[in-house]
Amino acid sequence: EAQVTQNPRYLITVTGKKLTVTCSQNMNHEYMSWYRQDPGLGLRQIYYSMNVEVTDKGDVPEGYKVSRKEKRNFPLILESPSPNQTSLYFCASSLEFQQGQPQHFGDGTRLSIL
Amino acid sequence: QKEVEQNSGPLSVPEGAIASLNCTYSDRGSQSFFWYRQYSGKSPELIMFIYSNGDKEDGRFTAQLNKASQYVSLLIRDSQPSDSATYLCAVSTGRRALTFGSGTRLQVQP
């Protein structure tokens, strides 16, 4: 089954404790992206990657890191999480970086930073 | 001005009616337009996409695009309670894959 898998689905942690949210897709997609979703603000892009070893900042990259060492994986790293990073996070992928390519979303990770 | 704007709603329609959801965008260079449905706490699910001016129909859903006026709409015919969700408009601007609106919440009353 074609899918984007995120882990964990839920996480409650404390300020400053490094965490990683994993994302993996099995569709051989080139393009992968991370979004956060907050009430009233919609989906905002954090980082994206057009292919292996190619990553770039989205609209809200502060406080986040990513890596793309393999085509299928695109982890999101919070080196020193803060309460304003409490949000619902989605990983998404599409076949390639071109206009008109629909994105497929993972099930989301609800992150709470205390 | 937001790049992609939607009325947050809620838009309330009776079961069986037509629901009309609207979206405006600011970048005239935008070429691809998507509608996603999102149930509370769930991930966005692609409903339709449209590239050309005019209408595109898929079952009970019709997407309408007017590039000159910079708006795209989604019509849902014969609305069902199961259509109650937040509908996200997304636009491909070329700078990166997709820019999303904040969504319109639709409530279909039985």
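The chains referred to below are lettered A, B, ... by the order of the sequence lines, with proteins before strands, and numbering in each begins at 1.
- Taking the centre of each ring, B:F100 and B:F34 stay at or above the 6.0 Å mark.
- Residue B:Q6 does not touch chain A at all, counting heavy-atom pairs closer than 4.5 Å.
- Between the side chain of A:S49 and the backbone N or O of A:N51, at least one donor-acceptor pair lies under 3.5 Å.
- For a residue to count as touching a neighbouring chain, one of its non-hydrogen atoms must lie under 4.5 Å from one of that chain's; by this rule B:F33 does not touch chain A.
- The local environment of CD1 in A:I12 is sparse, with at most 12 non-hydrogen atoms from other residues, nucleotides or ligands closer than 6.0 Å.
- Ion pair B:E57/B:R77 flagged as a salt bridge, since at least one NZ, NE, NH1 or NH2 atom sits closer than 4.0 Å to an Asp/Glu carboxylate oxygen.
- Using a 4.5 Å cut-off between heavy atoms, A:L41 touches chain B through its backbone atoms (N, CA, C, O) alone.
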